[in-house]
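Chain letters run A, B, ... following the sequence lines, proteins first, then strands; residues in each count from 1.
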2 protein chains.
Amino acid sequence: MGVKSYGQFCSVAKALDIVGDRWTLLVLRELLVQGPCRYTDLAHGLPGIASNLLSDRLRMLEDAGLVRREAAPPPVATTLFHLTERGRATEPVIAALARWGISYVDSVPGVEDEFRPYWFPHSVSAFLHDRPPGTDPATVQLITPIGSWAIEVVGPTPEVREGVADAPDLVLEGHPRLIIGLLSGSSTLEESVDGGLSVRGDAAVLGSFPLIPT
Amino acid sequence: MGVKSYGQFCSVAKALDIVGDRWTLLVLRELLVQGPCRYTDLAHGLPGIASNLLSDRLRMLEDAGLVRREAAPPPVATTLFHLTERGRATEPVIAALARWGISYVDSVPGVEDEFRPYWFPHSVSAFLHDRPPGTDPATVQLITPIGSWAIEVVGPTPEVREGVADAPDLVLEGHPRLIIGLLSGSSTLEESVDGGLSVRGDAAVLGSFPLIPT
DNA sequence: CGGCATCCTCTTTGATACTG
DNA sequence: CAGTATCAAAGAGGATGCCG
């Protein structure tokens, strides 16, 4: 099982020998954003995966030393899948993919994509970057049908946390799709409002907002 | 052609919808490290790829706007495959994979991997990082059967260039495998010397060398 | 229920051969 | 040089069954 090695003396090829199979990187994404998972948690976060494939992928990741299987104590009373240190080290790969892929999230409108609420803050933080020195602190509150999150730019690294901030400079309310579209730059503020996004507060904050430079 | 979409509202999944197919990221690697390529240059840099697959991948990358096909003027007189801006933007993904995969390059000793000399400096630079302020400048000369490169740490970002430096602090000579093993930390200096690496000069330079922290 | 294993069909791949 | 064409083998997807 697993796919044939590329057989190249190149670290990119070697990496893909291990995590390049279909679904593998998404299994790692789930473990990164959900933390330790039961088998069914993983299956739920990977809609469409065949059960035998999830099983195969977990075994391969275990063999490669990226995932560890642990029998959880009574309250859970089942096996949990954990990332090892080496598995957690794939985070920069996932993050790079998340940043590159953000412009495509909005761009397949006809298809009804699956969605899990806990993916959303991860998508948002993927295109925040360290603010340049001298930037004013700012808080942007996101309110969606599937949850609320606050982006807080206080220290050098912006943080996305679940919940509602005290005195946000800006409140964006609407479908996650609209918020992603606006923050990623694929829609203008005007287009987003036309599409149904509610914008309250100081929209100028967006201008100085620490997005990833496109 | 191409693999079925994951159908997830997640930027990682969207990215993998486009670059997640087998061979696709390696085609991008070739275009990144070789620059604009003819079809046969790509085929040569991707040993083992079937011609129809290379053809498919190039068409998919073109359709997705990552690659542009151009008729080159007379001296070349054939079509060249270029990366677009969007294609070049995958570089952080490739780099993250290269860094993560570096520890596996050395670890499949039995297999005879394919090798292309121009991959080597790219592998080396993948695990160099910006030096901390106050680090002394240093030059390390690499000499291998397939070429020589100099790592120069002068400005904040180390540079790998082809050729021979004037007065290197350290010279490492041997098979690329040995050098990668040493620089990536998977072999000690002693093991590398035992394995046939020749080390001349100030080996202490390695200690202060700006490697990616493991 | 959680964690698979099996069986079956369909798509993608790999290898080789051939062409404008 | 830059692909197509063909075909066998492998992997993916889907359904269902099993076992603690």
Nearest-Å distance for atom pair CD1/C1', residues Ile49(B) and dA15(C): 13 Å
Side chain of Lys4(A) - closest among dA2(D), dA15(C), dG3(D): dA15(C)
Value in whole Å for how far the C1' atom of dA2(D) lies from CG of Asp56(B): 14 Å
Options dC4(C), dT13(C), dA2(D), nucleotide nearest the side-chain atoms of Arg38(B): dA2(D)
Whichever of Phe81(B) and Gly48(A) has its nearest DNA chain D nucleotide further upstream toward 5': Phe81(B)
Between P of dA12(D) and CG of Leu46(A), the distance in whole Å: 14 Å
Arg116(A) vs His44(A) side-chain heavy atoms within contact, under 4.5 Å: yes
Terminal axis angle for the helix from dC1(C)-dG20(D) to dG20(C)-dC1(D), five pairs an end, nearest 10 degrees: 30°
For His82(B), all residues meeting side chain to side chain contact (heavy atoms under 4.5 Å, CB included), sequence neighbours excluded: Pro36(B), Arg68(B), Glu70(B), Leu80(B)
Nearest-Å distance for atom pair CZ/P, residues Arg22(A) and dT13(C): 10 Å
Any side-chain heavy-atom pair of Ile180(B) and Phe120(B) under 4.5 Å: yes
Nearest-nucleotide pick for Leu53(A), side chain only, options being dG3(D), dG14(C), dG13(D): dG13(D)
Within residues 82-91 of chain B or reaching into it, pairs that qualify as salt bridge (Lys or Arg N to Asp or Glu O under 4.0 Å) - sequence neighbours excluded: Glu85(B)-Arg88(B)
Side chain to side chain contact (heavy atoms under 4.5 Å, CB included) partners of Glu159(A), counting only residues at least two apart: none
Ser55(A) vs dG3(C): side-chain N/O to OP1/OP2 distance below 4.0 Å: no
Heavy-atom side-chain proximity of Asp41(B) to Gln34(B) below 4.5 angstrom: yes
Shortest side-chain distance from Arg59(A), nucleotide among dG14(C), dC4(C), dA2(D): dC4(C)
Between protein and nucleic acid, restricted to nucleotides 5-9 of chain D and to nitrogen or oxygen atoms under 3.5 Å apart, what atom pairs and distances do you find?
unit_1, atom_1, unit_2, atom_2, d
dT6(D), O4, Asn52(B), ND2, 3.2

Spacing of Trp23(A) atom CH2 relative to dT11(C) atom P, expressed in whole Å: 17 Å
Spacing between His44(A) atom NE2 and dG3(C) atom P, to the nearest angstrom: 15 Å
Between dG3(D) (C1') and Leu58(B) (CG): distance, integer Å: 10 Å
Under the ring-ring contact (aromatic ring centres under 6.0 Å, His included) test, residues paired with Tyr118(B) that sit two or more places apart: none
Pairing residues for Trp119(B) by the ring-ring contact (aromatic ring centres under 6.0 Å, His included) criterion, not counting sequence neighbours: none
Pairs involving residues 138-156 of chain B, ordered by first then second residue, that meet salt bridge (Lys or Arg N to Asp or Glu O under 4.0 Å) (sequence neighbours left out): Glu152(B)-Arg161(B)
Thr79(A) side chain near dG2(C) phosphate (N/O to OP1/OP2, under 4.0 Å): no
Given dT13(C), dG14(D), dG2(C), the nucleotide with the shortest approach to the side chain of Ala50(A): dG14(D)
Which residues share a ring-ring contact (aromatic ring centres under 6.0 Å, His included) with Phe81(A), sequence neighbours left out: none
Nearest-nucleotide comparison on DNA chain C, the residue closer to the 5′ end among Arg69(A) and Tyr6(A): Arg69(A)
Candidate nucleotides dG2(C), dT13(C), dA5(C), ranked by approach to the side chain of Thr78(A) - the nearest: dG2(C)
Atom-to-atom span, CG of Leu54(B) to P of dC1(D) - whole angstrom: 13 Å
